[in-house]
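Values reported hereafter were calculated over all heavy atoms of this structure, with side chains retained and with hydrogens, waters and symmetry mates removed.
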Number of protein chains: 2
Amino acid sequence: MNLLDIGEVARRSGVPPSTLRYYEEIGLISSYGRRGLRRQFDVDVLLKLSLIDLGKSAGFSLTAIAGMFGRDGQLAIPRADLHAKADALQRQMVDLRILRDALRHVADCPTASHLECPSFRKLVKAASRGRVAAGRRREATDEG
Amino acid sequence: MNLLDIGEVARRSGVPPSTLRYYEEIGLISSYGRRGLRRQFDVDVLLKLSLIDLGKSAGFSLTAIAGMFGRDGQLAIPRADLHAKADALQRQMVDLRILRDALRHVADCPTASHLECPSFRKLVKAASRGRVAAGRRREATDEG
DNA sequence: CCTTGACCTCAAGTTGGCTTGAAGTGGCAG
DNA sequence: CTGCCACTTCAAGCCAACTTGAGGTCAAGG
């Protein structure tokens, strides 16, 4: 078992020691004893940290991420959840595209007040109709 | 000027009154006087709220969003900035796509332990290389 | 042996984005 | 005129995810 002490993990991963200690405290990662005072981590922690970073950027909370690693530290996520998250990312991409298009429109549209430009309003309204409908769907399934 | 009172705005937009007051406090939206005690908002605030929601879902902070509206409440951003922002959104979309594909892989890959699945490791490493590089670029430009 | 510096613990502070609670007010229906 | 209710203010609280600070410890190098 190839061990690294916390400073080395921090250096290699870019995650500050304070954060590593915090992650250990909440059970997201674990250390293998100490050398003197210093926590020792298995090199595998680096991959786990990448996963954590990835998960965070996908919008998972740390608690949710912790839940994705089984007792044994393996990844254990129900397939349905993964697909659901992938779908959510898909929707987020759609939002981004709308926003990007709206921005490009604003950049290129000669109308003085964008809030009054018909095609801009159309873009934004189309977007908000989508989100309101999605919200309603979520509520409905939450209640049911 | 078609005015709505706060309760009506809340009903129509789905944004709670407390949040509307909060948004006004931080200068994100503004009201046009009162009727009795009640804030009156121009109907246009609904469009603005859609924009705000859109911006939030694209990962902008409220402060950043506020910065996108000029002093006069109009969208007032230099064209170059708008295009830069649109490009940033484009990059963010690419990241999301990578992540989405990684999630779908995990959902469909039959390997018992994803941490040991070579193609998973490859995906995660590729993704993290991308993010670390992006981080370095950000730091570099921040410093410069 | 003594200093140095990277670590340690624990508590408290910070930021963002709100929500909640207590106490007060304005206008309209009965 | 009374009462109600939707609003008002202001302060405080809350959650996540950390960071910061004070004061302590250990092992290695000079």
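Rounded to whole Å, the distance from OH on B/Y22 to P on C/dT15 is 12 Å. Computed from coordinates, the B/E8 CD to D/dA6 C1' distance equals 13 Å when rounded to whole Å. If you take CG of A/L20 and C1' of D/dT19, they are 13 Å apart, rounded to a whole angstrom. Rounded to whole angstrom, the span from the NZ atom of B/K56 across to the C1' atom of C/dG16 amounts to 11 Å. For A/E25 and D/dT19, the CD to P distance is 13 Å, given to the nearest whole Å. As a whole-Å value, the separation of B/F60 CZ from C/dG17 C1' is 17 Å. When the C1' atom of D/dC7 is taken as reference, atom CD1 of B/I6 falls 8 Å away, rounded to whole Å. Between the C1' atom of C/dC18 and the CD1 atom of B/I29 lies a distance of 14 Å, rounded to the nearest Å.
Using a 4.0 Å heavy-atom distance criterion, B/I26 is classed as making no nucleic acid contact. Counting any heavy atom pair closer than 4.0 Å across all strands shown, A/L37 reaches a base atom. Using a 4.0 Å heavy-atom criterion, one finds that B/T19 contacts the sugar-phosphate atoms exclusively. In this structure, B/R39 reaches the sugar-phosphate backbone alone: every heavy-atom distance under 4.0 Å involves primed, P, OP1 or OP2 atoms, never a base.
Which of C/dG17, C/dC18, D/dA17 sits closest to the side chain of B/Y23 comes down to C/dC18.
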>> Could you walk me through whether A/R121 and B/L47 satisfy the side-chain contact (heavy atoms from CB on, under 4.5 Å) test, starting with their C-alpha distance in whole Å, then the side-chain angles of each, then the deciding distance to 0.1 Å, before giving a yes or no?
In response: CA-CA 8 Å; A/R121 293 180 80 101; B/L47 187 66; 3.9 Å; yes

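Between A/R21 and B/G36, it is A/R21 whose nearest contact on DNA chain C lies nearer the 5' terminus. Looking at which nucleotide of DNA chain C each of B/R38 and A/P17 is closest to, the 5′-most match is held by A/P17.
In this structure, A/R104 and B/H83 approach most closely via the heavy-atom pair NH1-ND1, 3.4 Å.
In this structure, the side chains of A/L62 and A/Y23 come closer than 4.5 Å at one or more pairs of heavy atoms. Counting heavy atoms from C-beta outward, A/H105 and A/C117 have side chains that approach closer than 4.5 Å.
Salt bridge status for B/R11 with B/E8: present, with a side-chain N to carboxylate O gap under 4.0 Å.
Taking 4.0 angstrom as the limit, A/R35 places none of its side-chain polar atoms (N or O) nearer than this to OP1 or OP2 of D/dT25. The side chain of B/S18 places no N or O atom within less than 4.0 Å of a non-bridging phosphate oxygen (OP1 or OP2) of C/dC18.
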